[in-house]
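The structure appears below as structure tokens.
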Amino acid sequence: MELEEFRSGLDQWLDEHTADLSPDHGPDLDAEMAHLGKVKRLGYDAGWMRWGWSERVGGLGGSPLLRGYLGEALTSRGFVEPGLYSMTEVLAPTMIDYASPDLAAEMVPLLLRGDETWCQGFSEPGTGSNLAGLTCEAEPVDTPDGPHWRVNGQKVWTSLAQYAQRCVLLVRTGTVESAHRGISALFVDMDTPGIAVRPIETMHGQPEFSEVFFDDVLVPAGRMLGEIGQGWAVAMDLLPFERSTALWHRGAFLHRRLDDLVAQASSSLDRRDLGRVIVDLFALRSRSRSTLHRLDRGERLGPETSVDKILLATCEQQVFDLAAGVLAADVALDDDPVSERWRTDYLYSRAATIYGGSAEIQRNIVARRLLDLGADR
Ligand SMILES: Cc1cc2nc3c(=O)[nH]c(=O)nc-3n(C[C@H](O)[C@H](O)[C@H](O)COP(=O)(O)OP(=O)(O)OC[C@H]3O[C@@H](n4cnc5c(N)ncnc54)[C@H](O)[C@@H]3O)c2cc1C
């Protein structure tokens with residue numbers, strides 16, 4: 001299906017199903033996750049969630065631009081929260097590229113349809129920016145049920161782990177000295193004995209991420225993504241997805257929230273401040289658009305997507321700084337749903353320079369890998 005045909009068909013379907021797709025709850029994570037599952041199920045059963053994905057994982061084929069537009073339409077109409085929705089965009093491509101074809105064909109439709117939630121177990125208490133130093137380890141063991149990996153260690157900041165049925169987990173299968181080459185990726189069932197999930201409440205009051213503990217957790221050998229020692233490649237291929245389609249959706253959300261602000265407080269807005277935010281939002285949109293088109297052409301995305309992440313984090317904080325400046329008293333003090341939403345979004349925007357790789361690390365990548373400005377001393 002071509003993009004224009006997809007857009008008009010989808011827009012019509014969304015218009016007709018607005019009542020079913022609109023959330024009817026406040027900022028409550030359990031309710032948001034339940035609603036997200038409903039939106040994905042309705043979208044999948046009507047075919048929309050399947051376009052842009054390969055037929056071999058239950059998709060209907062077509063360009064990734066179709067997925068870009070679907071997420072844009074859902075977030076800009078306020079039907080889904082972009083961070084929760086876009087986990088699919090981050091994790092499904094990894095499964096398609098690295099899982100065995102049978103495993104990908106079995107699992108990816110469950111994620112697309114919202115029957116399952118998956119999480120990404122990369123960061124550890126001592127390992128975020130320096131991911132190559134991770135210590136959660138997996139050793140090969142023979143069991144009566146065949147060869148397995150035995151996993152021990154801890155992850156932290158694992159988004160949605162308490163809702164997840166599966167986890168894309170980075171583990172150390174080689175020595176720390178072997179750094180990148182000693183890392184492998186496993187696809188782990190979260191109900192395996194030995195896994196404990198402890199949610200952490202964020203600054204905006206939602207337990208959106210968790211600590212996850214692994215204590216002698218047995219993972220079948222067939223659940224390795226890629227080869228032994230290929231975990232670094234899995235991570236490096238996954239992160240650009242976090243900074244392409246997913247950022248396009250988040251950009252659409254920021255445009256909507258800026259429109260909301262103009263509608264709510266037009267007369268109080270300084271036109272120059274507003275203009276600056278609009279210009280930066282359009283820079284983000286235009287950069288993100290060209291990244292999506294590169295994805296569409298089958299180009300391999302890499303470190304240049306750090307530019308997209310820097311622009312996104314800058315815009316996200318600018319939009320909500322502007323809102324907090326204009327609506328200061330409401331954002332700080334009022335408990336009505338509209339003020340509460342601004343407060344939640346403002347507080348969450350502080351995380352934009354941390355999640356998916358911190359702003360400093362993105363700038364290091366731009367300096368060293370794109371501009372060749374030298375290495376760490
Ligand atoms: C909302 C949210 C959701 C998240 N979800 C997930 C998830 O689902 N899965 C997951 O695995 N992780 C997740 N994370 C974790 C995130 O990836 C890490 O927080 C991030 O990579 C930074 O790592 P860190 O917290 O260990 O900070 P550190 O790496 O300790 O960094 C601390 C500070 O030092 C700076 N710094 C570190 N090294 C350098 C350097 N070499 N040069 C310059 N500055 C440096 C950083 O920029 C930062 O300001 C999430 C985080 C947030 C906020």
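Quick caveat: nothing in here was measured; it's all calculated off a predicted structure. Order of appearance sets the numbers: ligands from 1, and atoms from 1 within every ligand.
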Examine Thr127 against ligand 1 and note whether any of their N/O atoms are separated by less than 3.5 Å.
no

Option set Glu360, Met203, Glu208, criterion heavy-atom distance to atom 49 (O) of ligand 1, minimum
Glu360

Note: heavy atom closest to atom 1 (C) of ligand 1, options Trp157, Phe122, Tyr348, belongs to Tyr348

Distance filter under 4.0 Å to Asn364 heavy atoms, resulting ligand 1 atoms:
40 (C), 41 (N), 42 (N), 43 (C)

Under 4.0 Å from a heavy atom of Phe209: give me the atoms of ligand 1 that qualify, with their elements.
1 (C), 2 (C), 3 (C), 52 (C)

Test your reading of the structure: does Gln120 have an N or O sitting under 3.5 Å from an N or O of ligand 1?
yes

List, by chain and number, the other hydrophobic cluster members for Val188, where Ile, Leu, Val, Met, Phe, Trp and Tyr join if side-chain heavy atoms come within less than 4.5 Å, directly or indirectly.
Trp149, Val151, Leu169, Val171, Leu186, Met190, Ile195, Val197, Val212, Phe214, Val217, Val219, Met224, Ile228

Between Ser123 and ligand 1, does any nitrogen or oxygen pair lie at a separation below 3.5 Å?
yes

Centroid-centroid distance, Trp248 to Tyr69, less than 6.0 Å:
no

Would you check if there is a donor-acceptor pair between the side chains of Glu208 and Tyr348 at a distance under 3.5 Å?
yes

Non-hydrogen atoms of Gly251 and Leu284 that approach each other most closely:
CA-CD2, 4.1 Å

Check: Ser129 N/O within less than 3.5 Å of ligand 1 N/O:
yes

Work out which heavy atom in Lys155 is nearest to a heavy atom in Cys136; give both atom names and the distance.
CE-CB, 3.8 Å

For Ile361, the atoms of ligand 1 under 4.0 Å from one of its heavy atoms are 38 (N), 39 (C), 40 (C), 41 (N)

Output field: ring centroids Tyr355/Trp157 closer than 6.0 Å:
no

Restricting to side chain to side chain donor-acceptor pair (under 3.5 Å), what partner residues turn up for His293, sequence neighbours left out?
none

Of the listed options Gly126, Ser159, Gly128, closest to atom 5 (N) of ligand 1 (non-hydrogen atoms)
Ser159

